[in-house]
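Here's the structure, in structure tokens; my notes come after.
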Amino acid sequence: MQRKEIIAMLLAGGEGRRLGALTQKLAKPAVPFGGKYRIIDFTLSNCSNSGIDTVGVLTQYQPLILNSYLGIGSPWDLDRSNGGVTVLPPYVQSDGGHWYKGTANAIFQNIFYIERYNPQYILVISGDHIYKMDYDKMLQEHKKRGAEATIALIEVPWEETGRFGIMNVDAHDNILDFEEKPKNAKTNLASMGIYIFNWDVLKSYLTRDDENPYSSHDFGKDIIPRMLQEERSLFAYRFKDYWKDVGTIESLWEANMDLLEAFPTLNLHDTEWRIYSVNPNHPPQYIAPQGSAKQSLINEGCMVFGSVDHSVLFYGVQVGDKSTIRDSIIMPNVKIGQNVKIYKTIIGEGTVIGDNCTIGVEGADAPITLIGEDSFIPSNTKVKN
Amino acid sequence: MKNVIGVINLGKPHSMLDELTRNRSIASVPFGGRYRLIDFTLSNMANTGISKVAVFTLNKSRSLMDHLGSGKEWQLDRKIGGLFMLPPAITFPTADYKGDLQNFYGHIDYFNRSKEEYVIVCRSHMVCNVNYSDALQFHIDSEADITMLYNRLDPDTVDLSNCYQLEVDEHHRVRQMSSDADEINTGNVYMESFIINRTLLVEMIEHCIAHEQYDLTESLIMQNIDTFQVNAYQHEGHLSIINSTTSYYNQSMRLLNPDVWRGLFFQPGLVYTKIKDEPPSKYIETADVNNSLIANGCIVQGRVENSILFRGVKVAKGATIRNSILMQECEIGEGAVVENMILDKEVCIKRGQTLLGNASEPVVITKRSTI
């Protein structure tokens, strides 16, 4: 196998418990996003656009949809004879089987995969964030500074610091300390869960971590603190663009709504940095004479006979006559009958909604209503959160 | 469907679309918001399960080659079989192209080297969604030499110029065919697709060439209606015949009927095309869209009515598009008005401009022009 300068390890085993009904049958990275994509498309497209052609995808929770979606990686131009996408589920070894016990352990269990490419650097990313980032710029910075580990960070609102891994840095962006979900944060610089390591350094830490029975085998909780303790050179790489953790129903809804701005920070129309996805081969969308669409993102294969306002429609959605959809996210192949009102609702793939239903609550401060995939809502039903 | 190979015959000169085919073959004329005409024929073959297809080209094939690539979108990037691009095998500069049969003869090895028993030959200007399995079974069961596919259209309402019409008897046998509506006006329109046994096809090609006959339809089929058993199989779904700029426009506009939209794009199979990875289309607050087909990657801020927008079209605030077809990446400036027009790819209409065409004779604006 030809040596690779850098390969990516993409953590995609997350259960995404806080996404409720949306992750009953699929892992969080496979949750649909933005009218066309699945969340993992963003990191895979980032890899491809950054010139990283070898990506190991670590799966564990409900992997079927994700595995079949990834295929041989061709939608992301990652169908390569040397490298490409490799799905890495937990497996049985001579001493028995082991689930991935933590993010670091997942990488540790796949040392053989990494060693096949004998890389100099390793990029560790997670498949549940929405952002566009050139990992190559981060790598060049890592090399220029002679770092052993570089961690991408972003400024978050102070009130949200308790949800993130928070870093304290000096004037030269050397990382001084790292606290996982602190109650009283010293800074508002959050780790984005994007790491570049020198592979030989990481390998030794992973091996030692595996031998430590008290470790939770997690990058944020164990590996990074240990490296800081031992005064390794850890640098921060500042990122200023759009980045969103879509781990909750609220943040998933918000991230979708962000795209509806006239000039969204996350520009999907940027031809220099396309986000690739598996194509369902549907025809252009049809907006009927009585239909209308405003402030919305609508994908191919949709038929709109009603009115769609400030909403995201995935492919193959049908909206019946005199129906109104507002502030909502309608996932693929949902069929909506006539005279239906839908407000601030996320509707899972393949759901059928009868006529004259009212779903969700109107108003900016109303809670989000969630309807799981393949549900059936009979005519004349009222559903709200 | 292991026992059949496909041929898409583009070897017949076809200048009926004027401006739209100035720099491209008819097979690569954009249609239906995101497709090219050849996509329908290729998808029909893919959905039938045919995994070996030859495209006999003539000229202006740059855009066609670019579009087809390795044939991946139609599942034709195969180790066994796959897509064969076969341009005319004639010597330049003294080339003298005599007809599409010459092209078949030049690539006779494509047929000789195949093991499959049957060949389906199609062209690309008849737009339909068909699974050829039933037609092939009909061909086998009826022990025909040649089975021609046809569709029943109303000759009073559809322009059938340059089309062959068939006279079919009660045993499905073709008794007569003609491209002259004064001779035959049955409404049984030959879809320029037929099924034939491979060995018979090879024999007939060689026979025709030996007798200096070079037109596939006329020499190989028409002249042999009495000699061979030539049957007809009726296709019952939607058919659009693209034989003039006006028919291109009218047939495009028919897609705004939801029944036609469903019938052509979903039944019996999906239609595949080259993927562009455009994001979903975006409608801004001021957008006012109705009765239109919009492909992905569009940004609509103005008014769009009875129109078809291909991928990546941008319509600025206050602009009005009515009864028009805008191909890939057209940009319409603020307050511009476009009515009854066909805009080829990447046309830019500056702010405040007004372009009014005539619905019965739509005007085509040349690719990449700025007005």
Side-chain angles (χ1 to χ4, degrees), chain A residues 33-37 41 45 48 74-77 79 259-264 266-271 273-305 307-318, chain B residues 32-35 39 43 46-47 70 72-74 77 129 255-258 260-262 264-266 269-301 304-314 317 329:
Chain A
F33 179 82
K36 163 159 194 177
Y37 312 96
D41 284 331
S45 302
S48 191
S74 38
W76 307 272
D77 208 13
D79 50 333
L259 297 171
L260 303 179
E261 305 280 323
F263 301 99
L266 182 78
N267 179 12
L268 295 174
H269 282 82
D270 176 8
T271 51
W273 202 271
R274 277 193 200 277
I275 305 302
Y276 308 105
S277 65
V278 175
N279 196 289
N281 287 301
H282 279 204
Q285 58 203 260
Y286 173 69
I287 313 284
Q290 70 273 37
S292 79
K294 282 182 201 306
Q295 285 195 87
S296 293
L297 269 183
I298 304 185
N299 197 358
E300 287 166 335
C302 288
M303 295 193 99
V304 178
F305 292 88
S307 72
V308 178
D309 185 13
H310 199 250
S311 294
V312 175
L313 267 57
F314 283 73
Y315 61 85
V317 170
Q318 289 181 18
Chain B
R34 69 191 283 264
Y35 305 95
D39 289 341
S43 300
N47 288 331
S70 65
K72 184 155 108 180
E73 271 85 8
W74 303 270
D77 53 334
N129 191 333
L255 301 174
L256 298 178
N257 174 339
V260 173
W261 185 88
R262 278 192 208 99
L264 183 62
F265 294 125
F266 289 99
L270 293 172
V271 186
Y272 313 105
T273 189
K274 185 179 175 186
I275 303 301
K276 296 257 186 265
D277 290 293
E278 293 281 0
S281 273
K282 185 158 187 182
Y283 299 88
I284 311 296
E285 178 136 37
T286 49
D288 182 4
V289 182
N290 55 57
N291 201 35
S292 294
L293 274 192
I294 317 275
N296 272 357
C298 292
I299 301 181
V300 182
Q301 309 196 50
V304 180
E305 195 183 315
N306 307 327
S307 294
I308 297 177
L309 269 51
F310 280 69
R311 291 182 283 201
V313 169
K314 294 185 176 59
K317 255 185 218 164
E329 283 165 41

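- Taking 4.5 Å as the limit, every side-chain heavy atom of A:Ser45 sits out of range of all side-chain heavy atoms of A:Tyr37.
- Residues A:Leu297 and A:Gly34 approach most closely at CD1-O, 4.0 Å, considering heavy atoms.
- For B:Thr273, the part lying near chain A is the backbone, with the side chain staying farther off; criterion is any non-hydrogen pair under 4.5 Å.
- Looking at B:Val271, only its backbone comes within 4.5 Å of chain A, counting heavy atoms on both sides.
- Ranked by non-hydrogen atom pairs under 4.5 Å with chain B, the options A:Val312, A:Asn281, A:Val308, A:Asn299 are led by A:Asn281.
- The ring pair (Phe, Tyr, Trp, His ring centres under 6.0 Å) test applied to B:Tyr35 returns B:Phe40, B:Phe265, not counting sequence neighbours.
- A salt bridge links B:Arg34 to A:Glu300: at least one charged side-chain nitrogen sits closer than 4.0 Å to a carboxylate oxygen.
- No other option in A:Gly291, A:Gly35, A:Pro283, A:Gly301 has as many heavy-atom pairs under 4.5 Å with chain B as A:Pro283.
- Listed by chain and residue number, nothing satisfies the ring pair (Phe, Tyr, Trp, His ring centres under 6.0 Å) test with A:Tyr276 (two or more places apart in sequence, or in another chain).
- Chain A forms more heavy-atom pairs under 4.5 Å with one residue of B:Ala287, B:Gly32, B:Pro258, B:Gly33 than with any other, namely B:Pro258.
- Here the CG atom belonging to B:Asn306 is positioned 4.5 Å from the CG atom belonging to B:Asn291, to the nearest 0.5 angstrom.
- Among A:His310, A:Met303, A:Gln290, the residue making the largest number of heavy-atom pairs under 4.5 Å with chain B is A:Met303.
- When heavy atoms are compared at a cutoff of 4.5 Å, B:Lys314 does not approach chain A at all.
- Residue B:Glu305 does not touch chain A at all, counting heavy-atom pairs closer than 4.5 Å.
- The CG atom of B:Asn296 sits 12.5 Å away from atom OH of A:Tyr315, with the distance rounded to the nearest 0.5 Å.
- Contact annotation for A:Leu313: neither backbone nor side-chain heavy atoms come within less than 4.5 Å of a heavy atom of chain B.
- Neither the backbone nor the side chain of A:Phe314 comes within less than 4.5 Å of any heavy atom in chain B.
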*Check the pair A:Trp76, A:Asp41 against side chain to side chain donor-acceptor pair (under 3.5 Å), reporting the backbone distance first and the verdict last.*
CA-CA 8 Å; A:Trp76 307 272; A:Asp41 284 331; 3.0 Å; yes
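- Interface remark: A:Ala288 contributes backbone atoms only to the contact with chain B (heavy atom separation under 4.5 Å).
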